[in-house]
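Data block below; observations after.
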Amino acid sequence: MRTLRAFTAAGAAALLASVGTATAAPTPPPAPTAQLTDAQVDTAVRRLDATVAEMMRRTGVPGVSVAVVHDDEVLYLKGFGLRRVGDPATVNPDTVFQVASLSKPISSTVVAGVLKAPADFDRHTELPGFALKDPWVTSHVTTADLFSHRSGLPDHAGDLLEDLGYDQAYILDHLRLAPLSPFRASYAYTNYGFTAAAEAIARSHGATWQKLSADTLFKPAGMTHTSTEFQAFVDSPDHAATHVKTAGPKGDGAWSPRYVRDPDAQAPAGGVSSTARDMSRWLRLQLSGGTLDGKRIIPADTLARTHLPEIVSQPPASPTGRTGFYGMGWNVGYDDAGRLRLSHSGAFELGANTSVTMLPLEKLGIVVLTNGAPVGLPDAVAADFFDTAEHGKATTDWLALTGALYAQINAEGRSATDYARPPTGAKPAGEDSAYTGTYENPYYGKATVAATSEGKLTLSLGPEPMVFPLTHYDGDTFSYETAGENAVGRTGVFFSPADRTVRIEYLDADHLGTFTMP
């Protein structure tokens with residue numbers, strides 16, 4: 001009652017205070033307006049040559065390609081560096097790069113092109129072989145839910161299955177075993193949730209994802225060197241090899257084209273390859289509301305739906321901080337002037353890093369493609385560009401900031417235990433027979449532990465399978481060096497001979513990593 005009285009008294013006081021006074025209806029704040037002049041944009045464009053060259057010098061990234069669009073004109077289109085270390089061929093605007101997760105806003109553009117109305121994004125996703133752990137969620141999940149990462153699937157669900165060599169059909173079928181967080185109330189970035197929604201759209205139109213993408217977007221927009229198929233990337237005579245940085249005494253190792261990343265299993269989420277020239281055409285289309293060269297390619301209303309916030313992805317870190325949202329294939333934010341900012345980055349740890357950023361109100365966008373593992377260069381080039389356009393110069397060292405963020409991301413998931421250094425007084429391992437045999441797991445399939453002729457143990461995982469040498473650590477604990485896109489260094493392998501089980505630390509983030517011997 002005390003709370004009710006206080007509320008009533010406050011309400012009465014407010015009512016008495018208003019007697020005899022005229023109260024105007026509240027008015028909304030004015031809509032944001034364009035603020036950048038042509039001269040400001042030109043200043044930022046003139047700085048780009050030096051910016052890219054300096055950031056390449058600082059990072060050693062072998063090749064970069066950049067496009068800038070403003071007011072439906074391509075103001076900047078240029079390549080830098082080498083397509084492949086050790087080969088003299090240079091990067092140009094028509095060099096084909098893997099764009100990694102920059103595929104997502106491209107794919108949502110494709111889907112916007114085939115849907116009849118914005119509300120169609122809210123239709124139930126039906127795909128044979130795809131289900132989620134909760135039957136109710138399965139029967140209600142939509143394209144919008146999966147494109148905005150609010151289905152409840154765990155972060156990067158299915159990615160480790162891809163690393164082990166499983167195909168798209170197996171991965172989508174086994175997502176039904178992944179634990180779910182609250183539906184439409186939690187955000188977790190999932191390549192395979194996104195892929196399931198896109199594949200469902202393609203199959204409902206009786207087409208492969210590549211054909212749907214080509215017929216809906218790539219061909220009509222004149223994106224002649226863009227594909228969602230890995231083979232098209234490999235077959236292009238002018239493509240940029242992927243590079244990783246080898247270990248050096250002070251982090252100064254050389255860049256090397258050591259790996260090949262085939263992302264076909266998650267093509268809608270990460271499988272696009274394209275050029276700076278083609279991406280400039282896509283930027284023009286995005287900034288013109290779906291038209292290009294006077295021709296309507298994508299309906300304006302369905303394209304606009306992809307730019308709307310669907311879920312909070314980054315709560316503000318402080319009372320004065322800005323909230324980050326995710327739309328459909330886009331990071332969605334609003335700057336201090338109230339202007340919509342759309343962006344997305346792409347990263348393959350096996351050797352690619354890309355970014356796109358747009359200010360639709362200013363009709364301004366930049367795309368940066370690179371052939372090096374993520375060290376922050378594309379994001380830094382884009383941030384430096386917009387900072388210079390706004391303030392006439394860069395106000396911070398963006399490369400230091402983005403590089404630190406990527407380093408932090410790369411450190412996540414690594415074991416807290418240094419398995420390369422067994423503890424003092426480590427207990428001996430048991431007999432090989434205590435560990436060898438074939439274990440089963442409903443999500444990851446079989447794990448086979450075998451003894452070699454050299455007296456070592458190996459762990460085999462995946463359909464091929466992949467074979468990992470085991471190194472003894474302490475007692476019944478071993479370790480192995482992880483491999484693939486999501487590798488995290490050494491990980492623990494914990495045997496329980498009495499229970500006839502083995503738990504693999506790397507595979508157990510969602511409590512799915514225990515294998516049992518029948």
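These values consider heavy atoms only, across backbone and side chains, with no hydrogens, waters or symmetry-generated copies. Quantities reported herein were computed from a predicted structural model and do not represent experimental measurements.
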ask   = Taking atom CZ of R258 as the centre, does the number of heavy atoms from other residues, nucleotides or ligands within less than 6.0 Å exceed 12?
value =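 Result for CZ/R258: open.
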query = Near E73 CD, under 6.0 Å, is it more than 12 heavy atoms from other residues, nucleotides or ligands?
reply =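 For E73, atom CD is not crowded (no more than 12 foreign heavy atoms under 6.0 Å).
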With a 4.0 Å cut-off, would you call [X] and [Y] a salt bridge?
X: D293; Y: R284; result: yes
X: R261; Y: E162; result: yes
X: D120; Y: R123; result: yes

key: Single hit among D278, V272, L285, T275 for side-chain contact (heavy atoms from CB on, under 4.5 Å) with M223   =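 For M223, the side-chain contact (heavy atoms from CB on, under 4.5 Å) test succeeds with only one of D278, V272, L285, T275, which is D278.
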query = Of the options L153, L161, L175, which is the one that meets Y192 in a side-chain contact (heavy atoms from CB on, under 4.5 Å)?
reply =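 It is L175, the one option of L153, L161, L175 that forms the side-chain contact (heavy atoms from CB on, under 4.5 Å) with Y192.
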message = The criterion is side-chain contact (heavy atoms from CB on, under 4.5 Å); which residues satisfy it with T396, sequence neighbours excluded?
response =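 Partners of T396 under the side-chain contact (heavy atoms from CB on, under 4.5 Å) test: W398.
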query = For the residue pair Y166 and Y170, does the interplanar ring angle fall in the parallel (under 30°), tilted (30 to 60°) or perpendicular (over 60°) class?
reply =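 Y166 vs Y170 ring planes: parallel.
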request  = For the pair F147 and F121, name the ring-plane relationship: parallel under 30°, tilted 30 to 60°, perpendicular over 60°.
outcome  =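 Ring orientation of F147 relative to F121: tilted.
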ask   = Do T109 and W282 come within less than 4.5 Å of each other through their side chains, counting heavy atoms only?
value =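 Yes, close enough: below the 4.5 Å cut-off.
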With T320 via side chain to side chain donor-acceptor pair (under 3.5 Å) - residues at least two apart =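 T320 satisfies side chain to side chain donor-acceptor pair (under 3.5 Å) with S318 once adjacent residues are dropped.
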message = Less than 6.0 angstrom separating the ring centers of Y326 and H344, yes or no?
response =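 Here the rings of H344 and Y326 have centres that are less than 6.0 Å from each other.
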key: Point-to-point distance, once rounded to the nearest 0.5 Å, from CG of L359 to CZ of R341   =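 The CG atom of L359 sits 4.5 Å away from the CZ atom of R341.
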